[in-house]
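First up is the structure itself, then whatever we jot down about it.
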Amino acid sequence: MDLLSGLNSAQREAVLHGEGPVLVLAGAGSGKTRVITCRIVHLVQSRTAFPEHIYAVTFTNKAAEEMKARVQSVLPGEGRSGPWVSTFHSLCVRILRLHAGLLGYTRDFTIFDTDDQMRLVKACLKDLDMPEGLFTPRKALSMISLAKNSGEERKTTQAYSGGRLEGEALARIRNEYERRLRLSNAMDFDDLLCKSLELLQENESVRLSYQNRVRQLLVDEYQDTNMLQHRLMQLLVGEPWNICAVGDEDQSIYSFRGARIGNILSFEKDFPGARILKLEQNYRSTGHILEAASAVVSKNLQRRGKVLWTENKPGELLHCFSCSSGSEEAQRVARKLTDLRAQHPRWSFAVLYRTNFQSRYFEEELRRLRIPFRLVGALSFYARAEVKDLLAYLRFLRNPDDSLALERIINTPSRGIGEQTIEKMKSHANREKQSFWLSLQAFAEDFELGGRTHKRLKEFAGMMKGLREEMESIPLSLLIRRVAECSGYRQMLQEEKTPEAQSRLGNIEELAAAAQEWEAQGFSAAEFLDRASLSSDTDSFDERCQVTLMTLHAAKGLEFDAVFLAGMEEGLFPHMQSLNQTAMEEEERRLCYVGMTRARKQLFLSWALYRRTFSSGGEGQEMNVPSRFLKEIPDHLVRRDGRPAAGFREQPWDDGDSASAPRRSAVPFAGKTYNSKASVAQFLEGLAEKQALHKAESYSAHSARDGNLAPGMRVRHPQFGTGRIVTAEKQGEDVKLTVQFDLYGRKKLLQSFSKLTRV
DNA sequence: GCGTTTTTCCTTTTT
DNA sequence: GGAAAAACGC
């Protein structure tokens, strides 16, 4: 059979495994996605199961999309009724929308994102008169989330380790939080799992109907499942437990989110009779890289233990270098990247780091050297303020009980309904135990408010009611445009004649266009909104860019020809917060293993003697110690060099007169003199940019009116630099341009707004 | 009620 | 150093 021909014997066994539970321990780069997709195809082709009885679950949208595409390419024509492939969360949403009534929600319930959760917790803390500083909203939220994700009941939240008082307080906060969620007809991310579980646990007929449908279940990245997901899988598949779990305990890096490595370590306990298979042949990395990564992770105790091997060549040695500072690290990495890019024009590269803030130097340096790069983790499309505002309007229209959405939009754009009025209505709603929208209507109808405010409330309520009537009969894309129009949002942005406002208008148009496209594919408006709520930055990962910057967490599941692991210092990686607990240290080590095994051909490790961090921002910065993980790599695998210039010390930020003495700490490096004061360079750059913007503005008036921009032309944009026009299509009176910028990637711009000039 | 200045946080990782 | 909240002044 063609399907099995390219597989090794372990992979083949996993694909062909018959009835009953199987756990596939798949080492990094051992072809696990291939196994899952092949197994799905095999189940269909061998008539073991009908396509509609096969369910595959992953963690990220991206992984789900990829798998869907792969399955569909082999099983064409299965289309809609084919195997169900999705993330845990979308599967839950699907189940919950169908049975919302059984749980006391309507099918239009809203999904609260992290932002909404934070605001809700803040409101709870405020109204509960919590003792000052007992819990920060952040802390409270993470405790609640952790409790929910480990399957604790509300009462037992008191068992919180921080002491009785805190435990009780936390239980109260959680109660209030849950009450308000329910009042808003809303669920947070954790609820999607909790409530699905509740539904299946307590409702036998629903459970049986799913167990009847889910005849074959495949779960990817099993090491990242938490208690709820684990139980959910048990309930969904039922006996005889036709579950195929694929994972790698050495890549479990999400325990902070409630993931339990135990789910994979004791799989046989929960799925008796489980067969355990190991995929130990690595197809990705060179021998040296694999040996180094294995050596590091072998220091962990919490593992089943695999021995990875490869037929690949040993390849080059790993390269470890030390730098004097974070900025020097970025310079050296960027320089190395330039060389490598020249040598291997088709390679892909990644710079990986522990925390997001480390990205800054790399961004600056790559931009300076004109190396195009992609930054994963930057503000995603759906996180932009204007997009969130518009989505809040839609959320509210769909679910009028969504008080947070209402609060967000009631005075956006500003329509003279101020804090005072909002507070009054909110406390009224609280008193009456009703939704914000109901009390707003009450106020708009017959309350003794000042005449002006009263009128504005009435106008607002009237507008929203009008839109609610309209929404039934028009497509979502049109509704988005209508909302932007009626709410005054478009007008607000149009009056603000800044480039940002124009790009915001563009984003709104893009949102409408996305909705249009989505509907054209036959999906419903509700599905579009769910997708928007469940989407994240890492999903939009773009393979076209040659260099990628991202955190180690974001890199899981990806691979690159050459990888730079930056910031290999004690306290940063492993992170300070994990230093006193072995379990956490082991997780950091796994993270290191994940990072190292992303590399196909070359691996670079770097660390900096001094680094500006928040905690050591003031005086008395201490010298960094190289990460313990570096020492765990056997000496014969690595070339170590690059002693930093002795005595050099990076200045902390806030030591006063930086502008007056900018050249004081210039250091010679690589034959050139660099100024360690990045801020000065930044200031000058900013100045230059502003001037350029000014200039561009003055002559863009002509170029735009000339209307002579066509695909293929080189153009310059005040913010995005130079690029080439890919497409130009008429859009009303305007022309919509797609431009591939050299440094910023592909952007869509309206000609009349974009200050483009020909080069 | 709105725009500006001042202060406060931040830096672990995210579906 | 920068973003976001809070405080302040009109």
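In what follows, chains are A, B, ... by sequence order, proteins preceding strands, each numbered from 1.
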message: Just N and O in the side chain of Thr421(A): are any of them under 4.0 Å from OP1 or OP2 of dG1(B)?
response: yes

field: Nearest-nucleotide comparison on DNA chain B, the residue closer to the 5′ end among Thr355(A) and Phe189(A)
entry: Thr355(A)

query: Do the rings of Trp84(A) and Tyr55(A) sit parallel, tilted or perpendicular, given the 30° and 60° boundaries?
result: tilted

statement: Here the distance between atom C1' of dT15(B) and atom CG of Leu91(A), to the nearest Å, is 14 Å

task: Could you give the distance separating dA4(C) and dT13(B) at their P atoms, to the nearest angstrom?
output: 15 Å

task: Take Lys62(A) and Leu558(A) through the test side-chain contact (heavy atoms from CB on, under 4.5 Å) and record every step on the way to the result.
output: CA-CA 11 Å; Lys62(A) 193 182 163 254; Leu558(A) 306 172; 3.3 Å; yes

- prompt: Asp530(A) CG to dT15(B) P: how many Å, rounded?
  reply: 17 Å

message: Can you tell whether the side chains of Glu586(A) and Arg303(A) come within less than 4.0 Å, N to carboxylate O?
response: no

field: salt bridge (charged side-chain N to carboxylate O under 4.0 Å, His left out) against Asp190(A), all qualifying residues, sequence neighbours excluded
entry: none

Rounded distance (Å) that lies between atom C1' of dT13(B) and atom CG of Leu549(A): 17 Å

Please enumerate all protein N or O atoms sitting under 3.5 Å from an N or O of nucleotides 5-10 of chain C, with distances to 0.1 Å.
none

message: What is the distance, to the nearest angstrom, from the CZ atom on Phe112(A) to the P atom on dT15(B)?
response: 20 Å

query: Between His89(A) and dT15(B), does any side-chain N or O lie under 4.0 Å from OP1 or OP2?
result: no

message: Among dT14(B), dT15(B), dT13(B), which nucleotide has an atom closest to any side-chain atom of Thr114(A)?
response: dT15(B)

message: Is Ser145(A) close enough to dT14(B) that one of its side-chain N or O atoms is under 4.0 Å from OP1 or OP2 there?
response: no

- request: Could you pull out all residues at least two apart from Gln358(A) that satisfy side-chain hydrogen bond (donor to acceptor under 3.5 Å, both in side chains)?
  value: Thr355(A)

- line: With sequence neighbours left out, the residues meeting salt bridge (charged side-chain N to carboxylate O under 4.0 Å, His left out) with Arg119(A) are Asp116(A)

message: Quick check on the 6.0 Å ring-centre criterion: do Phe59(A) and His89(A) meet it?
response: no

task: Whole angstrom is fine here: how far is it from CG in Asn624(A) over to P in dT11(B)?
output: 19 Å

query: Given atom CD of Glu587(A) and atom P of dT12(B), what is their separation to the nearest angstrom?
result: 14 Å

query: Mind checking whether Phe523(A) and Phe528(A) have ring centres under 6.0 Å apart?
result: no

message: Please give the stem ranges for DNA chain B, sorted by first residue number, where a stem is three or more consecutive Watson-Crick or G-U pairs and both donor-acceptor distances are under 3.5 Å.
response: B:1-10 with C:1-10

query: Do the ring planes of Phe573(A) and Phe629(A) sit parallel (below 30°), tilted (30 to 60°) or perpendicular (above 60°)?
result: perpendicular

message: Can you measure Phe357(A) atom CZ to dA3(C) atom P for me and round it to whole angstrom units?
response: 16 Å

- request: Could you tell me whether the phosphate oxygens of dT13(B), OP1 or OP2, come under 4.0 Å of any side-chain nitrogen or oxygen in Asn356(A)?
  value: yes

Pull out every protein N or O sitting under 3.5 Å from an N or O of nucleotides 2-7 of chain B, one pair per line with the distance.
residue	atom	partner	partner atom	Å
dC2(B)	OP1	Ser414(A)	OG	2.5
dC2(B)	OP2	Asn411(A)	ND2	3.4

- prompt: Can we say Glu363(A) and Arg360(A) salt-bridge, meaning some charged N sits less than 4.0 Å from an Asp/Glu carboxylate O?
  reply: no

task: Whole angstrom is fine here: how far is it from CD1 in Ile253(A) over to P in dT15(B)?
output: 11 Å

message: What I want to find out is whether Glu178(A) reaches Arg174(A) closely enough, with some N-O distance under 4.0 Å, to be called a salt bridge.
response: yes

task: Kindly determine whether His454(A) and Phe443(A) satisfy ring pair (Phe, Tyr, Trp, His ring centres under 6.0 Å), including the steps that lead there.
output: CA-CA 7 Å; His454(A) 187 244; Phe443(A) 273 63; 9.5 Å; no

